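The structure appears right after this line, and notes come after that.
All figures in this text were calculated on a predicted structure; none of them were measured in a lab. Each ligand, and each atom within it, is numbered from 1 in the order the structure gives.
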Amino acid sequence: MATPKIVVLGAGYAGLMTVVGLQKKLNYNEAEVTLVNQNDYHYITTLLHEPAAGTQPADHARIAIRDIIDENKVKFIQDRVTAIKLDQKEVHLAENEPLSYDYLVIGLGSAPETFGIQGLLENAMFIRNINSVRMINQHIEYMFSKYHNEGQRQDLITIVVGGAGFTGIEFVGELIDRMPELCRKYDIPREKVRLINIEAAPTVLPGFDPELVDYAVKYFERNGVEFRLSTPIEECTEDGVILKGGEEIKAATVVWTGGVRGNKLVEESGLETMRGRVKVDEFLRAPGHPEVFVLGDSSLVFNKENERPYPPTAQIATQQGQNCAKNLVAAIRGGQMEPFVFDLKGTVASLGRKEAIGIVGKSKMFGRKAAIMKRIIELRWLYLLGGIPMVLRKGRHLI
Ligand code: FAD
Ligand code: NAD
């Protein structure tokens, strides 16, 4: 029998955990494993709010793929996927010949959800990858540098963050940490800078523990953050944002953190999706395609207890990748596959270098203790990718 071909798309949390699992479990030549990713590095999405605000260099949030994979067992192709042809069992790439597969793992992550809000795609910025966060940081710095040269316009030092979900909150927390240094550098009094976090729901972090939300809001307000709650952004222009009711806030920097949807390639493949995400079966396979596994932000897994989908997180993507690797090995060896069961270990959100809020197991935590926990979670990801050597190489700034 021909060696089965496994193609993994995306070197994010889901794709890398699949590949790392496969390279540990498979014998040489038991399968031909190919990983495709548009960059030759993995970016640690859960750290991207830091380089976006300029509190850490972007390089801290990226790892060369060749430092993670065993090239004797996994072939890496750096290229952009342009189409997934399910009927032909092929993946089309921008620069290389199409790839055929026996098993396909889709881990292509998400895209910003803009809900059709006019002007967002054109005028707002997004915390998405290394390039987008470098641009946000440099844009903010350039706007601050213009302040004294362009009539001390308030909009130049006004930063609007649209959406107070976890991404918005983590970014605002980093901005608080960054402001003293940035204000000193450009001779701008800190109290003149406006950091405005706008949220459509009546509360920050809708659905999260109210006591921890209250802790975060008080911490932010003490540090000069303005919240606008129950106030959806309805339009984004070159000059700023327009809120429901017509109020305009002039801001030279608008960062949209209002939510995500699945990668559009998944929708375009013909699979049925909800907000770009595929409702997968108990083995994380696409309906009608037992050879196609959809993981991470492009997949939809329901919590059986409340019939609601789990939010797309690195935590679930990681566990999905681990499950998928096991099941691919079982499929190749004619064994029994294991259903995916999500084990929610908790949620910790950083509010800056020394502040965080979170729930781990049944314990609530905040402040310095939660910030340390957040660092431990980041170190664990490095450990899963490459053991102690990876922790020592890439994790020093976290310790
Ligand atoms: P990703 O990690 O996004 O990886 C997708 C990969 O596919 C990327 O490498 C991308 O370059 C590649 N790709 C995409 N399109 C193509 C293409 N066409 N061709 C080739 N390659 C392509 N979750 C948590 O659980 N905890 C946290 O603390 C946390 N913090 C976060 C902080 C921020 C600022 C953000 C934005 C998100 C955070 N999340 C967190 C959510 C988490 O990052 C995502 O749920 C997670 O990254 C999803 O993993 P994934 O493998 O599906 O996709
Ligand atoms: P999200 O969907 O969780 O939050 C988006 C927020 O934007 C919501 O509160 C929503 O009400 C608000 N919003 C939507 N439209 C709006 C509008 N027009 N005007 C103003 N506000 C609007 O998205 P996210 O924060 O990007 O998170 C994406 C996923 O990543 C989630 O699953 C989240 O749990 C996960 N994440 C986790 C962490 C962590 O665990 N530390 C950190 C970041 C992200």
Side-chain angles (χ1 to χ4, degrees), residues 9-18 35-39 41-52 61-62 65 77-84 91 93-94 106-115 117 120 126-130 132-133 160-171 174 197-208 228-236 241 243-244 256-266 294-299 309-318 320-321 344-350 356-358 374 377-378 381:
L9 307 181
Y13 292 80
L16 283 180
M17 271 306 96
T18 306
L35 171 67
V36 183
N37 193 61
Q38 58 197 354
N39 310 113
Y41 55 84
H42 159 68
Y43 48 80
I44 307 174
T45 320
T46 60
L47 291 179
L48 286 180
H49 50 288
E50 298 179 351
R62 70 170 167 181
I65 287 173
I77 299 179
Q78 182 185 353
D79 206 342
R80 187 168 52 81
V81 178
T82 54
I84 300 166
V91 174
L93 304 176
I106 305 178
L108 291 170
S110 63
E113 173 63 277
T114 59
F115 304 104
I117 295 171
L120 263 186
F126 305 89
I127 300 178
R128 296 207 27 70
N129 52 41
I130 294 289
S132 80
V133 299
V160 161
V161 179
F166 284 109
T167 306
I169 288 298
E170 291 199 324
F171 179 52
E174 289 304 311
N197 194 184
I198 301 173
E199 168 56 52
T203 154
V204 162
L205 297 176
F208 198 52
R228 300 296 300 269
L229 303 177
S230 303
T231 314
I233 292 176
E234 287 200 331
E235 193 180 338
C236 183
V241 290
L243 309 180
K244 189 174 178 190
W256 176 250
T257 58
V260 294
R261 56 184 291 114
N263 189 306
K264 76 172 182 341
L265 289 169
V266 178
V294 187
L295 315 181
D297 283 1
S298 289
S299 72
Y310 286 113
T313 61
Q315 187 179 173
I316 193 167
T318 302
Q320 287 178 323
L344 175 64
K345 298 195 186 306
T347 301
V348 183
S350 110
I357 50 171
K374 174 81 174 132
I377 295 167
E378 298 301 345
W381 173 240

Spatial distance of atom [atom1] ([X]) from atom [atom2] ([Y]) [nearest 0.5 Å]:
X	Y	atom1	atom2	answer
Glu50	Ile44	CD	CD1	9.5 Å
Arg62	Asn129	CZ	CG	11.0 Å
Leu229	Glu199	CG	CD	7.0 Å
Thr347	Leu205	OG1	CG	10.0 Å
Gln38	Gln78	CD	CD	9.0 Å

Students should be able to answer this: which protein heavy-atom is nearest to [atom], and at what distance?
atom	result
atom 45 (O) of ligand 1	Asp297 OD1, 2.7 Å
atom 14 (C) of ligand 1	Leu108 O, 3.4 Å
atom 19 (N) of ligand 2	Ile233 N, 2.9 Å
atom 23 (O) of ligand 2	Gly259 CA, 3.4 Å
atom 29 (C) of ligand 1	Thr46 CG2, 3.2 Å
atom 3 (O) of ligand 2	Gly165 CA, 4.4 Å
atom 11 (O) of ligand 2	Glu199 OE2, 2.5 Å
atom 28 (C) of ligand 2	Val260 CG2, 4.1 Å
atom 18 (N) of ligand 1	Val81 O, 3.1 Å
atom 53 (O) of ligand 1	Gly109 CA, 3.3 Å
atom 4 (O) of ligand 1	Gly12 CA, 3.1 Å
atom 24 (C) of ligand 1	Ala314 N, 3.3 Å
atom 9 (O) of ligand 1	Asn37 OD1, 3.0 Å

Answer yes or no: does an N/O atom from [X] fall short of 3.5 Å to an N/O atom of ligand 2?
X	value
Pro312	yes
Phe166	yes
Val348	yes
Ala200	yes
Thr313	no
Pro232	no

Taking distance alone, with no angle check, do [X] and ligand 1 share an N/O pair under 3.5 Å?
X	answer
Tyr13	yes
Gln315	yes
Gln38	yes
Ser298	no
Gly10	no
Leu295	no

Where on [X] is there a heavy atom closer than 4.0 Å to ligand 1, on the side chain, on the backbone, on both, or on neither?
X	result
Asn263	side chain
Tyr43	side chain
Lys374	side chain
Glu170	side chain
Leu16	neither
Leu265	side chain

Shortest reach to [atom] by a heavy atom, considering only [options]:
atom	options	answer
atom 5 (C) of ligand 2	Gly163, Gly346, Pro309, Gly258	Gly258
atom 51 (O) of ligand 1	Gly296, Ala52, Ala14, Pro51	Ala14
atom 43 (O) of ligand 1	Thr45, Leu9, Val294	Thr45

Margin query: Tell me whether Phe171 reaches ligand 1 (any heavy atom closer than 4.0 angstrom to a ligand atom).
Written below: no
Query raised in the report: Applying a strict 4.0 Å limit to heavy atoms, is Asp79 in contact with ligand 1?
Result: yes
Ligand 2 to Ile198, heavy atom cutoff 4.0 Å, flagged ligand atoms 20 (C), 21 (N)
Note: ligand 2 atoms sitting under 4.0 Å from heavy atoms of Ile117 are 18 (N)
Atom indices of ligand 1 within 4.0 angstrom of Gly107 heavy atoms, with elements:
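So the answer, numbered in order with elements, is 5 (C), 6 (C), 7 (O).
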Heavy-atom distances under 4.0 Å decide this one: backbone, side chain, both or neither, for [X] against ligand 2?
X	value
Thr167	both
Glu170	side chain
Trp256	side chain

[X] vs [Y] side-chain heavy atoms within contact, under 4.5 Å:
X	Y	result
Val81	Asn263	no
Asn39	Ile130	no
Asn197	Ile169	yes
Leu16	Leu35	yes

Sidechain-backbone polar pair: Ser132 side chain, Phe126 backbone, donor-acceptor under 3.5 Å =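 It does hold such a pair.
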* Does Gly162 have a non-hydrogen atom less than 4.0 Å from ligand 2? -> no
